[in-house]
Amino acid sequence: MISHVRFLLSAALVASAAPAVAAGGTPERPILTTTEAANSAQRPIAFATARPTSGVLVFAVRSKADIDAIAIPGVAAAAATAKFEGKAGKTLSLRGLGGYDRIVLAGAGDKPLSASDLADMGGTVAQEVKGDAAPVAIDLGALGNVDAAQVALGASLGGYRFDRYKTVGKTTPPSQPITIVTAAADAARATWTGDLQYLAQAVTFARDLQTEPANTLYPEEFVARVQAAFRGVRNVRIEVLDEAQMGKLGMGTFLGVGQGSARPSRLLLVHYTGGQGAPIAFVGKGITFDSGGTSIKPAAGMWEMKADMSGAASAVAAVWAIAKRGATANVIGVAALAENMPDGNAQRPGDVVRTMTGKTIEVINTDAEGRLVLTDANEYVVDRYKPAALVNIATLTGAVVRALDDEYAGLFARQEPLAAQLKAAGEAVGEHVWQLPLHDNYYGDMASQIADIRNSTEGGNPGAGFGAHFLQYFVPTSTPWAHIDIAGTNWTSGGLPTAPKGATAFGVRLFDAFVRNFKPVGPDASGGPK
Ligand code: BES
Ligand code: MN
Ligand code: ZN
């Protein structure tokens, strides 16, 4: 089956856009348009005040008392036999009761329910019912007056699927809706249609970009998809720099990374203007494939580097959600897009490159490429747009995965009030960040013999912190700056309530929450570039 899929993909390549080599030996760089089907549509979401009398019926329950209150004969007895008492994250499926296809009890635990707990419950239910063709209703009655739109958000996220390249054994996903049954149906529907449905779509968009393989998604195609997604969205301006423009600006550090690839690099900025004042900038690493370059990576797991553009995907997708809901804010989503490949033109370990503002970098390891594209992107954003806060988001280091696995993203920040806002946003949406330290002494490792700074050591440094220090070296202390290393959290190998195994779009919900509550912070008093 794998080889069949591969055949189809390469057939599409040959038919529409084989990167032919022209007479002069220069590779042509066409945009590949895939001919494959779109991903299956997700189940629609609806809201109602009364529960249906057939189909799949889900009860959100917190206790034995909630279960006993379900007035359908046999339910309480079956739950007692199964020793099910409503623990959070647990479900119990019962068939043959009350005329329903099945009845599912979804545990909501006995602690106060946060918005992200509600979303998790919606996601757990969506994954539980993914094979049920019948309409599904989730009765929130026992939970009281909760934010039911969050359940809808979770149900949408938990139902994510990427199946456009499957031609064998593809199951047709159910088309019947998931209806949230709540006394506050009107309010929930309004929140969903005017706001949270856009967040769900943004997460889906970012996950699609992450999951797309690198032969179909490369810098130009990333740009094309973002342009298509933003078509008609109000108060948005899209800015794209090609290699010639980046060259004129002197972005040698950025261009060096893509030098070994047949796919040209791009710097993409999506500006949303919905408020007053300096913008918030989310600047994402967009390496559409990271082979390591000349410092090539081992084969095992290299395929995962198709998702080395996760930060860029989350940065622009967050702006999409923020723009669609018409937030009162100014936000820029930036994607620093390049493919890191080895070839005769690729940059070598030991090369020296120059950033837009003229600083020099010795490239000790071509696999430390994320920081190289982000440096020029950061300098450009600071120079042109003087952001109120600049937050990098990047699958930057293997070290952060070893430290925090996929439970927490690593957070670095110069201003405590900025760190606090990012942590609070992460907590609120269930995208957790753990703050790691910045200290001027870490700069000691970064000295180069022949340039201003080097991009890596031979190893043995605190990898995630070294990466963070490298980034902040190029961001003036007058710009409030933070960095979120999502190398572990961008992907879930075990699956989460709101994300089936695979891409998570980590950061989209966090940034959305961050923008909702943003309070400007002052410039940095200490630390920063020396
Ligand atoms: N994209 C990788 C980091 C990464 C590793 C992301 C594992 C997701 C999972 C990054 O470009 C990289 O290769 N980092 C190197 C830096 C080193 C050469 C200084 C690393 O962390 O090993
Ligand atoms: Mn790398
Ligand atoms: Zn990388």
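As the structure lists them, so they are numbered: ligands from 1, and atoms in each ligand from 1. Predicted model, so just to flag it, every value in this text is computed and none were measured.
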So for Thr397 against ligand 1, with non-hydrogen atoms under 4.0 Å, the contacting part is both
| Output field: ring centroids Phe466/Phe470 closer than 6.0 Å | no
Any ion pair linking Lys423 and Glu427 (charged N to carboxylate O, less than 4.0 Å)? no
protein heavy-atom neighbour closest to atom 19 (C) of ligand 1 works out as Ser456 OG, 3.7 Å
- Message: Would you say Asp452 and Thr360 are linked by a side-chain donor-acceptor pair, where the criterion is simply a distance under 3.5 Å?
- Response: yes
field: Any donor-acceptor N or O pair under 3.5 Å, side chains Ser310, Asn490
entry: yes
of all protein heavy atoms, closest to atom 17 (C) of ligand 1 is Ala368 CB, 4.3 Å
Residue, atom and distance of the protein heavy atom nearest atom 12 (C) of ligand 1 read Asp367 O, 3.2 Å
Within the 4.0 Å heavy-atom cut-off, what Lys285 brings close to ligand 1 is side chain
Taking N or O atoms only and a 3.5 Å limit, does Val401 qualify as a polar contact for ligand 1? no
Side-chain H-bond candidate by donor/acceptor type, Asp308 with Thr395, under 3.5 Å
yes
How about Asp117 and Ser114: does a side-chain donor come under 3.5 Å of a side-chain acceptor?
yes
request  = Considering only NZ, NE, NH1 and NH2 on the basic side and carboxylate oxygens on the acidic side, decide whether Arg266 and Glu243 come within less than 4.0 Å.
outcome  = no
Answer key: the N, O or S atom of Asp290 nearest to the Mn ion (ligand 2) is OD2
- Query: Does the side chain of Asp208 pick up a donor-acceptor pair with the side chain of Tyr160 at under 3.5 Å?
  - Reply: yes
min-distance N/O/S atom, Asp290 vs the Zn ion (ligand 3), resolves to OD2
Here the atoms of ligand 1 under 4.0 Å from any heavy atom belonging to Ala487 are 6 (C), 8 (C), 9 (C)
re atom 22 (O) of ligand 1, the protein heavy-atom contact at minimum distance is Gly398 N, 4.3 Å
Do ligand 1 and Arg371 have nitrogen or oxygen atoms that lie under 3.5 Å from each other? no
heavy-atom search around atom 2 (C) of ligand 1 in the protein gives Asp290 OD2, 3.6 Å
The atoms of ligand 1 lying under 4.0 Å from a heavy atom of Glu369, numbered in the order shown, are 11 (O)
| Do we see a donor-acceptor contact under 3.5 Å between the side chains of Glu339 and Thr288? | no
If we number the atoms of ligand 1 from 1 as shown, the ones under 4.0 Å from a heavy atom of Thr395 are 1 (N), 2 (C), 3 (C), 6 (C)
Taking the Zn ion (ligand 3) as the apex, Lys285 NZ and Glu369 OE2 span an angle, rounded to 10°, of 90°
Surrounding NZ of Lys130 (heavy atoms of other residues, nucleotides or ligands, distance under 6.0 Å), is the total greater than 12?
no
Any heavy atom of Leu396 under 4.0 Å from ligand 1? The part involved is backbone
The atom of Asp308 among N, O or S that is nearest the Zn ion (ligand 3) is OD2
Q: Give a yes/no on ligand 1: does Met305 have at least one heavy atom closer than 4.0 angstrom to it?
A: yes
- Message: For a quick check under 3.5 Å, do Asp163 and Ser40 share a side-chain donor-acceptor pair by atom type?
- Response: yes
Discussion item. The Mn ion (ligand 2) and Glu369: any N/O/S contact shorter than 2.8 Å?
Written reply: yes
Logged contact type for Lys297 with ligand 1, heavy-atom cut-off 4.0 Å, is side chain
(Q) Quick check on the 6.0 Å ring-centre criterion: do Tyr385 and His271 meet it? (A) yes
Here the atoms of ligand 1 under 4.0 Å from any heavy atom belonging to Asn365 are 18 (C)
* Using a distance-only test with no angle check, is there a side-chain donor-acceptor pair under 3.5 angstrom linking Asn365 and Asn455? -> no
